[in-house]
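Keep in mind that what you see is a predicted model, and the values were worked out from it rather than measured.
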Amino acid sequence: MASCDTLILNAIVHDGSGGDSFVADVAITGDRIQAIGALKGLAAEQTIGAEGLVLSPGFIDTHTHDDTSVICAPEMLPKLSQGVTTVVVGNCGISAAPVQLSHGLCSGTPKYSAFPHFPVT
């Protein structure tokens, strides 16, 4: 590999395997990790210094009540900003389905009706 899109330098890597963390550089091209190791000197469009920072896989939030949030704001920025990349919905015996989205669901206060017979106004 002669170059990459993003090179993260000196990160404390927790790879999710259960093993000890280690300091390494990580090369990313597109949406794929291309290499992990001592990669200083590799050409990159963007270089991020991560000394003292942790780099890890995304976290899975297995118990959420985000059923309508993923409909209204599928990018889920509040979760992503905390490192959560996967949420499990439909917990506690409830679900947003069958949801009938009302006009304006994502503008201001979310409006939805889980029961079409009782529309939200």
Side-chain heavy-atom pair F22, I36 within 4.5 angstrom cut-off: yes

Check: L9 and L7 side chains under 4.5 Å, non-hydrogen atoms: yes

Min side-chain heavy-atom separation V23-V13 under 4.5 Å: no

From L39 atom CG to D25 atom CG, the distance as rounded to the nearest 0.5 Å: 5.0 Å

Reported CG-to-SG distance for the pair L42 and C4, which is rounded to 0.5 angstrom: 4.5 Å

Within one Ile-Leu-Val-Met-Phe-Trp-Tyr cluster: I33 and I48, side-chain cutoff 4.5 Å: yes

Exercise: identify the closest heavy-atom pair between A50 and I8: CB-CG2, 3.7 Å

Atom pair NE2/CG of H63 and D66 - distance to nearest 0.5 Å: 10.0 Å

Heavy-atom donor-acceptor pair, D61 side chain to V87 backbone, under 3.5 Å: no

Heavy atoms from other residues, nucleotides or ligands near CD1 of I60 exceed 12 (cutoff 6.0 Å): no

Crowding at CD, E75 (>12 non-hydrogen neighbours, <6.0 Å): yes

Min side-chain heavy-atom separation T6-E45 under 4.5 Å: no

L55 versus A11, closest heavy-atom pair with distance: CB-CB, 3.8 Å

Interatomic spacing from CD1 in I12 to OG in S56 - rounded to 0.5 Å: 11.5 Å

Gap separating the CG atom of D5 from the CZ atom of R32, nearest 0.5 angstrom: 13.0 Å

Partners meeting ring pair (Phe, Tyr, Trp, His ring centres under 6.0 Å) with H14 (sequence neighbours left out): none

Side chain N91, main chain T64, donor-acceptor under 3.5 Å: yes

Gap between atom NZ of K40 and atom OG1 of T47 - 0.5 Å precision: 12.0 Å

